[in-house]
Q: 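One structure coming up, written as structure tokens, with questions to follow.
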Amino acid sequence: MKRKIELLAPARDYEAAVAAIEAGADALYMGGARFGARVAAGNSSEDIARVVRHAHRFGVKVYCTLNTLLFDRELEAAEQQARELISLGVDALIVQDMAFRRMNLPVELHASTQTNNVDPEGVKFLSECGFSRVILERGLSIEEIRAIRRSTDAELECFVHGAICVGSSGRCFLSRSMALDRSGNRGACSQPCRLSYDLLNERGEKIIAGKHLLSVRDMNLTERLGELIDAGICSFKIEGRLKDTTYIRNVVAWYRAALDRELARRPYLERSSVGLSEPDFEPDPAKSFTRGFSEYMYSGRVTDVASFDTPKAVGEHVGRIVRCDRRSFTLDRDHTLAAGDGICFGGSGTNVNRVEGRRVEPNRMAGIEPGMELFRNFDLHFTRRLERSRMRRRIPITIRAEFTSESLRLVATDCRGVEAAVTWSEELAEAQNPERMAQTLRQQLAKSGDTIFSVGEVTISGVPRFLPASLLAELRRRLLAALEQEGEQCPLDHDIRPENLAARFPRRELTAEENVTNHLSETFYRDHGVEQIARGLDLEASTLGQRVMRSPYCIRREIGQCLKRNPSLKGELYLEHGTFRYRLSFDCRRCEMSLIHEN
């Protein structure tokens with residue numbers, strides 16, 4: 001069997017799910033009513049059931065996120081939610097808390113990136129104890145991914161596009177340090193990494209003031225898809241469960257085309273779903289929300305991954321401003337800006353009112369100066385094309401018409417080999433012109449109307465009989481409806497693994513930041529060889545004195561003051577935002593930065 005490759009798209013709601021499917025997603029991930037890491041992206045059971053029905057028509061899988069930490073008082077409700085989702089037909093649950101592993105759930109379990117999947121030993125353990133898929137941390141390099149692949153037989157999923165959590169997933173308490181009811185591990189992250197901070201030395205002097213020092217640019221691994229496939233990744237994940245349908249439609253269509261190009265070079269691989277999507281627009285991820293793109297740590301610990309000036313959408317580069325007057329500015333090159341577009345410059349932004357050649361009149365000139373680089377963060381015409389898109393996903397099929405002297409049998413077969421047939425056994429008159437009748441049959445049977453099918457070859461066997469147009473249309477409608485029903489029954493592959501109690505956790509001790517917050521999770525780890533388990537930090541009343549973030553991103557490295565390179569900036573460093581103060585700690589052996597909550 002060919003190895004299956006999956007493009008995994010986010011779905012905030014039913015409308016976003018449909019947009020992702022139409023644009024070419026092979027699988028979706030979305031939240032249930034509770035216990036998802038994006039509380040603003042929850043969905044009712046009715047909507048999830050609708051998504052599952054629509055997705056399964058194309059062999060598209062639906063994964064539901066139950067990826068928050070659980071407290072003891074929530075275990076019963078969490079299990080009830082999980083079993084309800086399973087009854088709706090979801091294909092897997094994405095979980096962080098090991099309590100779900102103890103609930104004997106009859107479904108695939110995927111280990112969320114929140115389980116901090118950063119090394120071969122940890123991923124191997126998760127696969128051995130019953131997780132069929134492990135979702136990798138966003139800060140891994142390609143070499144680290146290859147090492148993990150060698151350690152496990154579980155499916156590996158990685159993010160390839162969208163926002164990056166600068167803190168290591170599942171080990172970030174920065175949001176909770178500022179507001180105890182806004183824990184990222186509990187689905188309520190306030191995104192404090194996007195705030196502005198002052199960088200101070202140990203004498204209290206400001207080194208950098210009022211910059212977004214923890215805000216990193218968005219991920220775009222378009223050019224790395226082939227390497228990731230060859231490294232053993234099977235699922236390519238787009239971030240964005242809070243994004244709107246225009247973002248989903250554009251970005252999914254972009255990655256569908258890019259992934260298909262890589263699959264075409266590898267005949268031993270195939271898509272994990274069926275149906276072809278033909279966008280009626282030219283996809284371009286730079287025209288949807290982006291803070292600017294980077295490959296983050298894909299090639300190792302690198303610089304130029306942060307966006308100090310703004311955490312907001314920057315968009316596509318347009319040009320450099322060379323002249324300004326009271327009402328307008330002039331760019332150094334030709335461009336496609338138009339009235340209604342949004343533009344960004346030096347951390348600020350405005351809208352375009354009028355364009356004449358290279359001269360642009362914005363809504364306001366405040367802050368615009370010669371020498372600035374200009375970006376477009378909203379393309380009005382492109383957005384309208386996305387909103388009006390009539391892109392449809394179609395499953396290729398063939399139809400065969402079999403005539404005898406007494407009947408007509410129509411057989412439709414889709415690209416998976418799924419087949420359906422209808423028969424007309426009542427007497428049919430001879431056709432006065434069999435060749436013309438055959439031509440009419442081919443033309444009429446090639447029409448698929450408002451269905452999910454695209455008819456390719458139509459073949460005819462036997463001598464064509466005369467069929468009234470109305471009868472032919474009715475038989476065609478019944479045939480396609482029967483084929484769709486058969487396709488919905490086509491089973492999807494699932495890998496439901498029991499927990500293996502013989503699997504050993506790679507360490508004997510769990511610290512507070514590894515966040516064991518209920519008795520089921522604690523029992524799970526003890527049964528797998530852990531002897532000492534600290535009380536999870538999300539259970540504590542305060543994070544003062546605790547590490548609240550660890551990250552492969554390093555401010556020292558980003559500003560050219562890496563401790564390995566004899567920096568001029570010596571001593572302790574601190575970040576401050578309002579009354580909140582964090583000491584920076586640097587582990588040069590692991591090339592990792594941490595934030596310690598001091599005030």
Q: Compare all side-chain heavy atoms of Thr68 with those of Leu66 and state whether any distance is below 4.5 angstrom.
A: no
Q: Look at the side chain of Ser307 and the backbone N and O of Thr310, then say whether any donor-acceptor pair between them is shorter than 3.5 Å.
A: yes
Q: Quick one: do the Asp91 and His56 side chains pair a donor with an acceptor below 3.5 Å?
A: yes
Q: Could you check whether Arg477 pairs with Glu474 (Lys NZ or Arg NE/NH1/NH2 to Asp/Glu carboxylate O, under 4.0 Å)?
A: yes
Q: Answer yes or no: is there a side-chain heavy-atom contact under 4.5 Å between Glu239 and His161?
A: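 The answer is no, as the side chains (C-beta and beyond) never meet within the 4.5 Å cut-off.
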Q: Heavy atoms only: give me the nearest Thr113-Glu137 pair and the separation to one decimal.
A: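 Looking at all heavy atoms of both residues, the shortest contact is OG1-CA, 3.5 Å.
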Q: Determine whether Arg385 and Glu282 satisfy the following criterion, salt bridge (charged side-chain N to carboxylate O under 4.0 Å, His left out), listing intermediate values before the conclusion.
A: CA-CA 10 Å; Arg385 284 197 297 275; Glu282 189 66 35; over 6 Å; no
Q: Report yes or no: do Tyr255 and Asp260 form a side-chain donor-acceptor pair below 3.5 Å?
A: no
Q: Is it the case that the side chain of Thr152 and the backbone of Ala154 share a donor-acceptor pair, with hydrogens and angles ignored and the cut-off at 3.5 Å?
A: yes
Q: Do Thr517 and Asp538 have side-chain atoms, one donor and one acceptor, less than 3.5 Å apart?
A: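 Looking only at side-chain atoms, Asp538 and Thr517 do not form any donor-acceptor pair under 3.5 Å.
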Q: Is a side-chain N or O of Ser168 found less than 3.5 angstrom from the main chain of Arg171, in a donor-acceptor match?
A: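 No: the side chain of Ser168 does not pair with the backbone of Arg171.
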Q: Are Glu316 and Asp379 side-chain neighbours, meaning at least one heavy-atom pair lies under 4.5 Å?
A: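 With C-beta onward as the side chain, the pair touches.
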Q: Could you tell me whether the side chains of Asn185 and Gln114 share a donor-acceptor contact shorter than 3.5 Å?
A: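 Side chains of Asn185 and Gln114: pair found under 3.5 Å.
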Q: Looking at every non-hydrogen atom in both residues, tell me the closest pair between Pro285 and Trp254 and how far apart they are.
A: CD-CD2, 3.2 Å
Q: So do the side chains of Leu8 and Phe236 get within less than 4.5 Å of each other, counting heavy atoms only?
A: no
Q: Okay, side chain of Asn43, backbone of Gly31: is any donor-acceptor separation there less than 3.5 Å?
A: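 Flag set: sc Asn43 to bb Gly31 pair under 3.5 Å.
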Q: Given side chain to side chain contact (heavy atoms under 4.5 Å, CB included), test Leu214 with Leu174 step by step and report yes or no.
A: CA-CA 11 Å; Leu214 296 174; Leu174 186 60; 4.0 Å; yes
Q: Tell me if the aromatic rings of Phe505 and His528 count as close, with their centers under 6.0 Å from one another.
A: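 Between His528 and Phe505, which both carry aromatic rings, the centre distance is not below 6.0 Å.
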Q: Assess, by modelled atom type and distance only, whether the side chains of Glu15 and Thr245 contain a donor and an acceptor separated by less than 3.5 Å.
A: no
Q: Check this for me, if you would: do Arg400 and Glu402 make a salt bridge, where the nitrogen-to-carboxylate-oxygen distance has to be below 4.0 angstrom?
A: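 Yes.
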Q: Side chain to side chain contact (heavy atoms under 4.5 Å, CB included) with Ser273: which of Lys61, Glu6, Arg393?
A: Arg393
Q: Do the charged groups of Asp244 and Arg12 touch, with an N to O distance under 4.0 Å?
A: no
Q: Measure from NZ or CZ of Lys287 to the centre of the six-membered ring of Phe382 and say whether it is under 6.0 Å with the direction within 45° of the ring axis.
A: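 Geometry flag: set, cation within 6.0 Å and 45°.
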Q: Taking 4.0 angstrom as the limit, do Asp230 and Arg146 come out as a salt bridge?
A: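 So Asp230 does not pair with Arg146 through a salt bridge.
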Q: Compute whether any side-chain donor of one residue and acceptor of the other, for Ser288 and Asn250, lie under 3.5 angstrom apart.
A: yes
Q: I'd like to know if Asp280 and Arg388 make a salt bridge, using a cut-off of under 4.0 Å between side-chain N and carboxylate O.
A: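 No, this pair does not count.
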Q: Is any side-chain heavy atom of Leu228 less than 4.5 Å from a side-chain heavy atom of Cys158?
A: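 Yes, at least one pair of side-chain atoms sits under 4.5 Å.
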Q: Does a side-chain heavy-atom distance below 4.5 Å link Tyr298 with Arg224?
A: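 The answer is yes, as the side chains (C-beta and beyond) meet within the 4.5 Å cut-off.
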Q: Does a side chain donor of either Ser132 or Glu108 reach within less than 3.5 Å of an acceptor in the other side chain?
A: yes
Q: Counting only heavy atoms not in Glu488 (residues, nucleotides, ligands), do more than 12 fall under 6.0 Å from its CD?
A: yes
Q: List the steps and the verdict of side chain to side chain contact (heavy atoms under 4.5 Å, CB included) for Arg416 and Ile395.
A: CA-CA 9 Å; Arg416 294 168 291 187; Ile395 299 174; 4.3 Å; yes
Q: Give, for atom CZ of Arg497 and atom SG of Cys129, the distance between the pair rounded to the nearest 0.5 Å.
A: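 So the CZ of Arg497 and the SG of Cys129 are separated by 10.0 Å.
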Q: Given 3.5 Å as the limit, does a donor-acceptor pair link the side chain of Arg291 with the main chain of Ala313, or not?
A: no
Q: Identify whether the distance between the nearest side-chain nitrogen and carboxylate oxygen of Arg186 and Glu74 falls below 4.0 Å.
A: yes
Q: How about Pro10 and Lys237: do any of their side-chain heavy atoms sit closer than 4.5 Å?
A: no
Q: Using a strict 4.0 Å threshold on nitrogen-to-oxygen distance, state whether Glu157 and Arg133 make a salt bridge.
A: yes
Q: Salt bridge or not for Arg50 and Glu46, using N-O below 4.0 Å?
A: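 Answer for the salt bridge query: no.
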Q: If every non-hydrogen atom of Arg409 is compared with every non-hydrogen atom of Ala421, which pair is closest and at what distance?
A: NH2-CB, 3.8 Å
Q: Regarding Lys4 and Glu270, does a basic nitrogen lie under 4.0 Å from an acidic carboxylate oxygen?
A: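 Glu270 and Lys4: salt-bridged.
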Q: If you take the centroid of each ring, where Trp contributes its six-membered ring, are Tyr29 and His110 closer together than 6.0 Å?
A: no
Q: Is there a side-chain contact between Leu140 and Arg138, using heavy atoms and a 4.5 Å cut-off?
A: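 Side-chain contact under 4.5 Å: no.
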Q: Within the side chain of Arg249, is there an N or O that forms a donor-acceptor pair under 3.5 Å with the backbone of Pro283?
A: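 Here the side-chain-to-backbone pair does not exist.
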Q: Evaluate side chain to side chain contact (heavy atoms under 4.5 Å, CB included) for Arg256 paired with Arg271, printing each intermediate quantity in order.
A: CA-CA 10 Å; Arg256 178 73 274 152; Arg271 285 182 60 180; 3.3 Å; yes
Q: Check the pair Tyr63 / Met30 against side chain to side chain contact (heavy atoms under 4.5 Å, CB included), numbers first and verdict last.
A: CA-CA 6 Å; Tyr63 310 139; Met30 62 190 307; over 6 Å; no
